[in-house]
Structures are given as structure tokens and as C-alpha cells.
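Comments concern the structure below.
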Amino acid sequence: MLSPRRSISQGQDTDRSQRQEAVTYELGVAAYARRAYDEAYRCWSQLAERGDMQAQYGLAVLFDRGEGIARDLSKAVDWYQRAANQGVADAQYNLALLYNEGIGVQASRQRAIGWFRKAAEQGDAEAQYRLARCYDQGLGLVKDPSQAAAWYRKAAEQGHAAARNCLGDMYRTGDGVKRDYAQALYWLTLAARQGYGYAQVNLGYLYDHGLGVAADPQEAINWYREAALHGDPMAQYNLAEMFRIGRGGQQDRQQAIRWYRKAAAQGHPGAAKRLKQLDA
């Protein structure tokens, strides 16, 4: 699945209220917000040619999306590049996505990482998360769990749910950090409460096995069910296991089969195996 690139935010501009350029740029933002893309293009194109970095980013978005002008990815890349070179984090992030996915440019993991890093160093949480993933999985970089944990933490501290889940799981396994179930519980709870499915499964596992918290099978079931209802196959399998063995309550063969089937339909091998055993 392609990653969605960023659009225009009315909060992007810095305080330049005493300059005519800022007024014109703000008019472009207002026009974009009401979908008057032709007007936004007129507002930004002259400013962009004069080197205004926010207008360059805005123009890149218009070319990228084909809003108010014919879509032209090569021009989008050019304007993203100009804005990124001047330090616009959103432009750096979008440019990284284009290089990562080979859209409008030849795919280049190294260039993508370079731009993710620049945006991450400016405090961009999503870029921090993506850079962490590269270190975590060895994607274009030498695998380095400690660096992954450091960047996950930066994003997690800004409320990034996926980063919180990954950091919590690293504390659970001791990968890249010293194993600390209390820290795992802390970060996974934050992510789970944000509705992040993987974190809900991982948090359920902590309660299921009493890691960093007193074992509480019913609480484990609650978190497994939360993720299972949103289609997570591991949660569906774990929930089925709880019903099969009667952990956290009475055994319920029908509920177990129901959730095994849902997990198996998504390709979970353990669920398919369990169904065969139950049918035997």
C-alpha cells in the first residue's frame, strides 16, 4: 500500500505577519482550504519562484495531486526538493516517500532515508518512526536495535501510536533496550488506548502472562477482543485460544471456533491447524 503524502495545513506557516509574502501565502492556504485550487496556484507560483519555501511546498502539493493544474510528478519532485533544501519538514517527508516508493523518481532507499532523517531531526514524529523502522528491520541501513529504540522513543514521546507499540515491544523482548516489563506495559497501554491494534494484542499478552502486571486473563481477553473486532488475526487466534481452554472464564467451543475461523480466513496457520484438530 502506498503511503499518503501530506497536503496543506493552515498551521504550517511561521509568524511572518508583517511581510506581504505571508499575507499572500495565507490567502493561498485559505483558497486551498475551500478548494479554490486555481487561486491557490496563483498565490503560490510567484512566491515560489522568488524562493518562498512554504509556497514551494504548496506548489509541490498542487502538482503532486493535480489540484488546480495538470498533475506533474516531475514538477512536484522539483518543488518538494527546493522546499526540502530550505528545511521544510513536510517537503522532506513527502520527498522521502517519493524516493522510497519510486513515484516520479527512480526509487532510492538511501535518498529516502536521507530525507526521512532530515525531517526526523526536525522533530517530525512520522519521519522518526520510519527512520526507526529502517534501523529496526535493516532497511537500507545496518540493523541497529539501539538506534531503532532511540528513534521510536522520540516519536513515542510525541504520541505516535505505532512507535509506542514498537518501543513497548522492544522493552518486552529486551531488543535494543534492557528488558523492562514495566516500561513495556506503560508504552503498550498508551498505544492500545489510542486504538492501535498491534498494541492491544501485545498488551493482552502482558496481562495473559503476568508480565509487568499481575496476571489477569479477563483483562487479556478484553484487549484481545478489542483488536479481534477490528480484524487482527493474531488477536482473533489468541481470543480463540482463551475460549478453547477456558482461560479467564468457562470453555466455549463455539466461540473458539468462531474466532479460529476468522483468523484462518486471514491466513493464520495456527488457526487453520486448530480447526482441523477440533473437527477431528
Side-chain angles (χ1 to χ4, degrees), residues 1-6 57 77 80-81 83-103 105-206 209 211-213 227 232 234:
M1 179 181 294
L2 297 180
S3 301
R5 294 185 289 286
R6 292 175 182 165
Y57 172 71
V77 169
Y80 279 140
Q81 182 82 54
N85 287 341
Q86 295 198 72
V88 178
D90 283 342
Q92 293 168 344
Y93 176 81
N94 281 0
L95 193 58
L97 290 182
L98 292 173
Y99 276 113
N100 193 55
E101 296 163 2
I103 299 174
V105 291
Q106 184 175 353
S108 172
R109 180 83 69 180
Q110 292 304 316
R111 289 189 176 184
I113 289 171
W115 287 114
F116 279 138
R117 187 182 299 279
K118 286 183 180 296
E121 289 171 347
Q122 293 198 71
D124 187 290
E126 182 65 24
Q128 291 168 344
Y129 169 72
R130 287 177 175 269
L131 184 59
R133 294 291 288 174
C134 291
Y135 277 117
D136 196 359
Q137 299 181 353
L139 301 174
L141 292 168
V142 175
K143 190 172 182 178
D144 189 333
S146 63
Q147 279 291 314
W151 285 109
Y152 281 141
R153 178 176 289 279
K154 289 179 184 293
E157 288 173 347
Q158 296 193 70
H160 195 287
R164 286 175 165 180
N165 171 67
C166 291
L167 182 60
D169 206 41
M170 293 184 93
Y171 275 114
R172 180 182 68 84
T173 62
D175 185 24
V177 293
K178 184 178 180 180
R179 178 176 282 172
D180 186 331
Y181 290 128
Q183 282 290 302
L185 181 70
Y186 173 75
W187 290 110
L188 292 175
T189 298
L190 290 178
R193 288 175 176 170
Q194 289 176 263
Y196 194 72
Y198 291 127
Q200 292 169 342
V201 178
N202 288 332
L203 184 59
Y205 183 87
L206 295 185
H209 295 273
L211 301 175
V213 66
D232 187 286
M234 180 58 72

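Distance check: Arg153 CZ to Gln183 CD gives 6.0 Å after rounding to the nearest 0.5 Å. One finds the OG1 atom of Thr189 at 11.0 Å from the CD atom of Gln200 (value rounded to the nearest 0.5 Å). Taking OH from Tyr99 and CH2 from Trp115, the interatomic distance works out to 8.5 Å, rounded to the nearest 0.5 Å. Considering NE2 of His160 and CG of Asn165, their distance stands at 11.0 Å, rounded to 0.5 Å. Atom CG of Leu98 is separated from atom OG of Ser3 by 10.5 Å, given to the nearest 0.5 angstrom.
Looking at every heavy atom in both residues, Ala119 comes nearest to Ala127 through CB-CB, 3.6 Å. Looking at every heavy atom in both residues, Trp151 comes nearest to Ala132 through CB-CB, 3.6 Å. Ala227 and Gly197 make their closest contact through CB-O, 3.7 Å (heavy atoms, listed as atom of the first residue, atom of the second, distance). For Gly123 against Gln128, the heavy-atom pair with the smallest separation is CA-NE2, 3.4 Å. Considering all non-hydrogen atoms of both residues, Ala125 and Ala155 come closest at O-CB, 3.4 Å. Closest non-hydrogen pair, Ala199 versus Ala192, comes out as CB-N, 3.6 Å.
Residues Leu97 and Glu126 are not in side-chain contact: their nearest non-hydrogen atoms beyond the backbone lie 4.5 Å or more apart. Inter-residue side-chain proximity for Gln137 and Leu139 is flagged as met; some heavy-atom pair is nearer than 4.5 Å. The closest side-chain heavy-atom distance from Asn100 to Arg109 is below 4.5 Å. Between Leu141 and Leu131, the closest side-chain pair of non-hydrogen atoms falls below 4.5 Å. With contacts defined as side-chain heavy-atom distances shorter than 4.5 Å, the pair Leu211/Tyr205 qualifies. Using a 4.5 Å heavy-atom cutoff, the side chains of Tyr171 and Arg179 are not in contact. Using a 4.5 Å heavy-atom cutoff, the side chains of Asp90 and Asp124 are in contact. Residues Arg5 and Tyr93 form no side-chain contact, since every pair of their non-hydrogen atoms from C-beta on lies 4.5 Å or further apart.
Applying the ring pair (Phe, Tyr, Trp, His ring centres under 6.0 Å) rule to Tyr198 yields the partners Tyr196; only residues at least two apart in sequence or on another chain are considered. Remark: Asp136 engages no residue in a salt bridge (charged side-chain N to carboxylate O under 4.0 Å, His left out) (not counting sequence neighbours).
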| task | List the steps and the verdict of side-chain contact (heavy atoms from CB on, under 4.5 Å) for Arg172 and Tyr181. | result | CA-CA 5 Å; Arg172 180 182 68 84; Tyr181 290 128; 4.2 Å; yes
| Asp175/Asp169 under side-chain contact (heavy atoms from CB on, under 4.5 Å): CA gap, chis, key distance, verdict | CA-CA 8 Å; Asp175 185 24; Asp169 206 41; over 6 Å; no
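No side-chain donor from either of Arg6 and Tyr57 sits under 3.5 Å from a side-chain acceptor of the other.
Looking only at distances, a side-chain donor or acceptor of Gln92 sits under 3.5 Å from a matching main-chain atom of Ala84. Remark: side-chain polar atoms of Arg164 are paired, donor with acceptor, to backbone N or O of Ala156 under 3.5 angstrom. Side-chain atoms of Gln147 never come within 3.5 Å of backbone atoms of Val142 as a donor-acceptor pair (strictly under, hydrogens ignored).
The aromatic rings of Tyr129 and Tyr152 are tilted relative to each other, their planes meeting at an angle between 30° and 60°.
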